[in-house]
Amino acid sequence: MKSLTEYLKFNIKTRRASVNITQQIENLVKKSKIKEGLCLVNAMHITASVFINDDETGLHKDYEKWLEGLAPHSPTNQYEHNKTGEDNADAHLKRQVMGREVVVAITNGKLDFGPWEQIFYGEFDGRRTKRVLVKIIGE
Ligand code: ZN
């Protein structure tokens with residue numbers, strides 16, 4: 001069995017953003033030389049997500065609006081977690097909804113996506129360096 005482990009770094013200048021990381025993951029699959037296997041991609045921070053969906057600008061605005069409706073950033077004093085001195089309770093909740101990781105099958109050396117599937121890094125409390133783990137295993 002072959003494997004490849006890499007860490008992607010992100011330093012998003014805004015509090016929230018989603019970044020299409022599909023090409024970066026595809027490059028790592030190529031680098032791994034694995035033809036049949038699995039690719040795990042997970043956020044290593046509890047205020048960020050990795051998720052799969054369509055790369056359509058309107059949809060990502062809809063996510064932003066929907067998540068902000070579910071867990072508004074302000075007023076920050078509405079959250080118990082923020083009594084610790086943090087202001088990112090909403091980011092923890094948004095991350096829970098959008099998920100921690102994705103696993104994509106590798107078939108014939110390529111990510112085996114359904115129609116329109118793309119991989120995104122979802123940031124909910126940016127302006128600092130965060131990491132994403134990519135682990136690819138197979139043969
Ligand atoms: Zn926190």
Side-chain angles (χ1 to χ4, degrees):
M1 191 195 77
K2 287 192 271 200
S3 77
L4 177 90
T5 303
E6 296 234 359
Y7 300 87
L8 306 178
K9 271 191 186 166
F10 297 91
N11 194 334
I12 306 291
K13 300 299 172 202
T14 53
R15 185 178 286 273
R16 289 187 295 279
S18 51
V19 181
N20 188 335
I21 58 171
T22 311
Q23 192 58 56
Q24 282 170 274
I25 308 302
E26 270 172 3
N27 292 345
L28 293 177
V29 170
K30 205 172 282 177
K31 183 176 169 185
S32 75
K33 296 187 166 51
I34 289 168
K35 297 292 173 208
E36 295 295 320
L38 292 172
C39 175
L40 165 76
V41 187
N42 73 266
M44 300 194 80
H45 299 263
I46 52 181
T47 53
S49 289
V50 173
F51 63 94
I52 290 181
N53 218 298
D54 194 0
D55 193 0
E56 195 278 307
T57 315
L59 178 65
H60 287 268
K61 284 182 187 157
D62 291 335
Y63 278 134
E64 165 67 18
K65 208 162 124 189
W66 176 61
L67 290 169
E68 202 47 25
L70 283 176
H73 175 69
S74 33
T76 53
N77 66 5
Q78 70 187 301
Y79 298 106
E80 294 293 320
H81 177 64
N82 289 344
K83 290 177 182 162
T84 61
E86 294 197 71
D87 69 349
N88 65 0
D90 67 303
H92 291 279
L93 298 175
K94 285 163 177 146
R95 180 269 168 94
Q96 207 67 41
V97 169
M98 296 305 283
R100 171 183 181 264
E101 79 277 306
V102 301
V103 177
V104 182
I106 298 165
T107 305
N108 202 15
K110 289 195 163 166
L111 293 167
D112 202 344
F113 285 127
W116 303 107
E117 284 191 330
Q118 297 279 292
I119 306 171
F120 293 88
Y121 173 69
E123 177 61 82
F124 307 112
D125 186 25
R127 299 159 304 167
R128 57 200 164 100
T129 302
K130 291 187 180 175
R131 292 190 305 160
V132 164
L133 168 65
V134 183
K135 187 170 285 270
I136 304 168
I137 58 168
E139 297 195 321

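In listed order, ligands and their atoms are each counted from 1.
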* Asked: Are the side chain of K94 and the backbone N or O of G122 linked by a donor-acceptor pair below 3.5 Å?
  -> no
* **Atom NZ of K33: over 12 foreign heavy atoms under 6.0 Å** => no
* Short N/O/S contact of E86 with the Zn ion (ligand 1) (below 2.8 Å) -> yes
* To do: Could you tell me whether the Zn ion (ligand 1) has an N, O or S atom of N88 under 2.8 Å away?
  => yes
* Asked: For the Zn ion (ligand 1), what is the closest N, O or S atom on H81?
  -> NE2
* Structure fact -> Answer key: the N, O or S atom of H92 nearest to the Zn ion (ligand 1) is NE2
* Return yes if a side-chain donor-acceptor contact under 3.5 Å exists between N53 and H60, otherwise no. => no
* To do: Say whether, by atom type as modelled, one donor and one acceptor occur between the side chain of R15 and the main chain of A91 under 3.5 angstrom.
  => no
